[in-house]
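The structure appears right after this line, and notes come after that.
A note on names: the letters A, B, ... follow the listed sequences, proteins ahead of strands, and every chain is numbered from 1.
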Amino acid sequence: MDEKFLKPYDAGNTEKRIYEMWEQSGLFSPDICIEKGFTDASAKPFSIVLPPPNVTGTLHMGSSLMLAIEDTVVRFQRMRGKRTLWIPGMDHAAIATQSKVEKILEKEEGKRKSDLGREAFLQKVNEFAESNRALMTTQLKALGSSLDFSREAYTLDAKRSLAVRTAFKQMYDEGLIYRGHKVINWDPKGQTTISDDEIVYEERKGKIYTFKYSSDFPIAIATTRPETKVGDTGVAVNPSDTRYQKYIGQTFEIKDFAGTPLSIKIVGDDSVDPEYGTGAVGVTPAHSMIDAEIARKHSLPTKQVINEYAKMMVETPALKDKKVAEAREIIAEWLRNAGLMEKEEEISQNISTAERTGAVIEPLPKLQWFIDVNKPIPSRDGKSLKELMHEAVEKDGIKILPDRFEKVYFHWIENLRDWCISRQIWFGHRIPVWYKDGELRCEIEAPEAEGWVQDEDTLDTWFSSGLWTFSTLGWPEQTKDLETYHPTALLETGYDILFFWVARMILMSKYLIGEIPFKTVYLHGLVRDSKGQKISKSLGNNVEPLEMIAKYGADAVRMSLLVGTGAGNDSKMSEEKLKAYKHFANKLWNMARFVFDHKAQNPANIETPKDKEYLEELKSIVSDMTTDIEAFRIHLASEKIYHYVWHKFADVIIEEYKQGLVSFATLDDILETCLKLLHPFMPFVTEEIWQSSHKNSILTATRWPM
RNA sequence: GGGCGGUUAGCUCAGUUGGUAGAGCGCUCGAUUUACACUCGAAGGGUCGUGGGUUCAAGUCCCUCACCGCCCACCA
């Protein structure tokens with residue numbers, strides 16, 4: 001017997017060596033599995049794309065859970081004989097990465113990005129991204145992830161950039177991408193637009209003011225933002241409201257509203273609730289999306305009064321260049337003095353803030369690029385993107401686990417508005433549109449003729465990640481990989497990016513290649529700390545995966561994340577759990593030691609009545625686990641094998657063997673099967689034990705028991 | 001305002017299609033120079049949040065309420 005069995009299992013001394021052995025074997029590539037005869041060339045494919053971690057930072061416990069689940073499924077399917085492919089990659093995460101580098105630049109060199117200029121700044125960002133990529137690759141490997149690194153992708157590399165430009169052009173040519181002057185969510189701190197999904201609502205105390213524009217104006221209105229009222233061009237009332245009906249169609253000229261002249265037209269609109277407030281709404285077309293919609297219906301003019309720095313842009317000296325918060329007070333005070341203020345009430349309101357910077361969102365009218373989600377698409381039977389996204393889950397059979405998220409998904413689609421995809425940041429895919437003399441061209445490659453200037457803006461980072469399932473497989477080129485591995489079998493990710501990412505992938509895939517991107521979506525929950533708190537920097541309760549791996553071993557980290565963590569449920573990470581599974585790895589180690597020890601003594605093999613019973617029982621364990629993993633009930637399968645190995649095999653069967661109630665052949669059989677069954681969950685310790693008794697054989701490339 | 005999830009042993013949580021409650025940790029008692037102290041055995045501990053309903057049978061299905069948590073939504 002190998003001497004190392006005389007000591008407790010030492011993960012630290014094992015894992016790196018085992019991973020290198022796996023990498024050298026090439027078995028993580030399905031092509032090599034076929035070449036070596038482990039996988040049948042005509043076997044069914046099974047593919048997963050790794051949700052690309054952001055190059056912003058390092059992997060956290062949530063990513064470790066993701067890797068543990070995916071690697072378990074991938075190893076299982078590989079052992080089942082499928083042509084199994086798991087593609088790694090990274091996401092450039094445009095805004096997140098750029099703002100992080102901006103912060104570093106500010107802190108370390110006291111410079112702003114404008115001091116460097118676009119090119120030099122981007123070089124810094126790329127260097128930062130590159131150094132993180134290397135560290136994250138180490139982390140992926142440390143956990144044992146059986147990823148095919150020969151196919152590694154990056155959202156910003158040449159192939160993926162080509163995919164982005166191709167997708168953009170195709171959507172532009174079919175009229176799905178358009179440029180429009182619309183009210184968008186402006187982040188005054190980040191100085192960029194953001195999409196509806198990047199808004200976070202924060203509950204804050206506010207005031208609602210009820211007032212009239214002037215003493216001879218017949219209708220009072222209410223607002224939480226008096227400063228925007230200098231941009232009002234209308235008042236909307238419900239057409240059936242007898243109090244106000246008579247004014248509909250009239251225009252009132254207000255000579256002096258806090259120093260600004262207003263022209264207010266009364267319009268009738270069904271969206272106004274006569275019961276709420278004064279039953280009338282002041283319409284500010286430039287600074288509210290809902291108002292913009294009312295204004296569009298009634299042809300009210302748009303008057304922008306707030307600029308990109310969240311400062312007033314009216315000529316009135318008292319207001320000009322004032323911050324919105326100051327302007328609010330100035331106007332409120334003016335209303336009080338003029339005797340126009342009817343009521344002021346404290347309320348709690350949800351204000352929209354930018355997810356990244358925390359700044360209060362300022363809705364502004366701007367010329368931006370959008371994806372039209374409602375337009376009927378000729379090449380897709382006249383269906384809209386919304387409809388395509390809907391039918392992917394409704395009809396095409398994408399299964400979302402847990403299934404309650406299907407409802408959430410449908411609800412999101414129903415409320416979806418056109419997606420603003422242009423961003424005023426530097427890091428990311430430049431919009432593939434060029435301008436010259438008032439002319440515009442959308443091309444995959446820059447026009448060769450002189451004088452064409454490319455659009456300054458970049459694309460929302462989710463545009464490129466939306467292409468991920470097929471851009472990683474070579475699209476727009478019609479590759480063999482694309483044909484074989486798309487649609488992918490499984491998309492496993494956190495429920496928090498269902499809208500950001502999962503829905504966008506369905507949109508892109510259904511439109512661009514006419515098929516669903518994946519058959520099953522498995523959404524995992526949040527990994528919290530031992531007290532159930534969200535892990536965050538401000539709480540300082542971050543658990544570093546690499547440290548935990550060093551302390552307890554990757555197998556223990558994986559098991560502690562997997563056991564008992566069902567789809568969609570948040571879970572808690574604790575050192576007790578990690579310790580328990582470290583003990584389990586060692587228990588297994590000693591069980592192997594016991595069996596090997598006895599094997600060396602050439603035990604007589606006398607069949608006993610118990611042999612058959614135990615082998616039958618094991619068969620049913622195998623079949624239960626197979627069903628569980630195929631249905632992605634990893635939390636049940638992992639618990640089942642844990643319990644069987646420790647409390648049946650070790651506590652009962654081995655003990656009975658000592659008493660001669662079980663034959664050695666059966667004991668040996670059970671150990672071998674257990675190693676296989678445990679391998680997807682705890683790849684390192686099982687492989688290490690396997691290699692000790694099976695020279696020239698790799699457990700990773702061994703068939704799952706039947 | 002709308003939707004969703006949770007409420008099961010002291011703690012943390014499982015419980016897949018309804019068949020008279022499970023695990024880990026902790027606690028108590030005990031074993032043992034043992035493959036393994038990163039061990040083993042035993043014991044204790046739950047009217048499965050509340051109230052009702054369906055059923056031969058409900059933690060599991062339906063309804064009510066309560067508390068905790070999450071998501072969505074620019075009632076001005």
Legend entry - Side-chain N,O (A:H647) to OP1/OP2 (B:rG24) below 4.0 Å: yes

Inset, instruction - Assign the ring pair A:H598 / A:F664 to parallel, tilted or perpendicular, where the plane angle (0 to 90°) is split at 30° and 60°. - result: parallel

Legend entry - B:rG22 versus B:rU16 - spacing of their C1' atoms, nearest Å: 15 Å

Legend entry - Which nucleotide in B:rA76, B:rU39, B:rA35 has an atom nearest any side-chain atom of A:T223: B:rA76

Inset, instruction - For the pair A:W334 and A:F257, name the ring-plane relationship: parallel under 30°, tilted 30 to 60°, perpendicular over 60°. - result: perpendicular

Legend entry - C1'-based separation of B:rU28 from B:rG44 [nearest Å]: 7 Å

Inset, instruction - Please state the P separation for the pair B:rC62 and B:rG49 - nearest whole angstrom. - result: 15 Å

Inset, instruction - Report yes if a side-chain nitrogen or oxygen of A:R417 is closer than 4.0 Å to either non-bridging phosphate oxygen (OP1 or OP2) of B:rC74; otherwise report no. - result: yes

Inset, instruction - Can you label the angle between the A:W589 ring and the A:F5 ring as parallel, tilted or perpendicular, going by 30° and 60°? - result: parallel

Inset, instruction - Return the nearest nucleotide to the side chain of A:Y276; candidates are B:rA76, B:rU39, B:rC72. - result: B:rA76

Restricting to nitrogen or oxygen on both sides, can you table the protein-nucleotides 3-11 of chain B pairs closer than 3.5 Å?
| residue | atom | partner | partner atom | Å |
| --- | --- | --- | --- | --- |
| B:rC4 | OP1 | A:K407 | NZ | 3.3 |

Legend entry - P spacing across the pair B:rG5 / B:rU17, given as an integer number of angstrom: 15 Å

Legend entry - Closest-nucleotide ordering on RNA chain B, the 5'-leading residue of A:T565 and A:D197: A:T565

Inset, instruction - Select base, sugar-phosphate, or nothing to describe what A:D651 touches, counting heavy atoms under 4.0 Å on all strands. - result: sugar-phosphate

Inset, instruction - Look at the aromatic rings of A:W462 and A:F500 and report parallel, tilted or perpendicular, splitting at 30° and 60°. - result: parallel

Legend entry - For B:rA42, the Watson-Crick or wobble partner whose two distances fall under 3.5 Å: B:rU28

Inset, instruction - For the side chain of A:E639, starting at C-beta, report the closest nucleotide among B:rA35, B:rA14, B:rC72. - result: B:rA14

Inset, instruction - Indicate the ring-plane relationship of A:W646 and A:F584, choosing parallel, tilted or perpendicular according to the 30° and 60° boundaries. - result: parallel

Inset, instruction - Could you verify whether a donor N or O on one side chain and an acceptor N or O on the other, from A:W704 and A:T626, lie under 3.5 Å apart? - result: yes

Legend entry - Pairwise C1' distance for B:rG24 and B:rA66, with rounding to whole Å: 30 Å

Legend entry - Basic-acidic side-chain contact under 4.0 Å: A:E362, A:R225: yes

Inset, instruction - Ignoring backbone atoms, establish whether A:H411 has a side-chain N or O less than 4.0 Å from OP1 or OP2 of B:rG2. - result: no

Inset, instruction - Using the six-membered ring wherever Trp is involved, compare the ring planes of A:H647 and A:H643 and label them parallel, tilted or perpendicular (cut-offs 30° and 60°). - result: tilted

Legend entry - A:Y201 side chain near B:rC74 phosphate (N/O to OP1/OP2, under 4.0 Å): yes

Legend entry - Side chain of A:N586 - closest among B:rG24, B:rU16, B:rC38: B:rC38

Inset, instruction - Kindly point out which of B:rC25, B:rA14, B:rC72 is positioned nearest to the side chain of A:E576? - result: B:rC25

Legend entry - Span that lies between the C1' atom of B:rG10 and that of B:rU55, in whole angstrom: 35 Å

Legend entry - Donor-acceptor pair present, A:Q349 side chain and B:rA76 base, under 3.5 Å: no

Inset, instruction - Could you let me know what B:rG5 is paired to, Watson-Crick or G-U wobble, both distances under 3.5 Å, or none if it's on its own? - result: B:rC68

Inset, instruction - Mind listing the closest non-hydrogen atom pair of A:Y209 and A:A332 along with its distance? - result: CE2-CB, 3.8 Å

Legend entry - Nearest-angstrom distance from the residue atom CZ of A:F649 to C1' of B:rU39: 17 Å

Inset, instruction - Sticking with atom P, work out how far B:rC74 lies from B:rC65, rounded to a whole angstrom. - result: 28 Å

Inset, instruction - Establish, with yes or no, whether the OP1 or OP2 oxygen of B:rA23 is under 4.0 angstrom from a side-chain nitrogen or oxygen of A:W646. - result: no

Legend entry - Pair assignment for B:rU17, Watson-Crick or G-U wobble, requiring both distances under 3.5 Å: none

Inset, instruction - Determine the Euclidean distance between corresponding C1' atoms of B:rC68 and B:rG53; express it in Å to zero decimal places. - result: 26 Å

Inset, instruction - Please determine if a side-chain N or O atom of A:H635 lies less than 4.0 Å away from the OP1 or OP2 oxygen of B:rG15. - result: yes

Legend entry - Pairing partner of B:rA73 (Watson-Crick or G-U wobble, both distances under 3.5 Å): none

Inset, instruction - Would you classify A:A585 as touching base, sugar-phosphate or nothing, given that sugar-phosphate means primed atoms plus P, OP1 and OP2, and contacts are heavy atoms under 4.0 Å? - result: nothing

Inset, instruction - Please check the phosphate of B:rA35 (OP1 and OP2 only) for any side-chain N or O of A:K587 closer than 4.0 Å. - result: no

Inset, instruction - Write down the partner of B:rA23 under the Watson-Crick or G-U wobble criteria, each distance required to be under 3.5 Å. - result: B:rU12

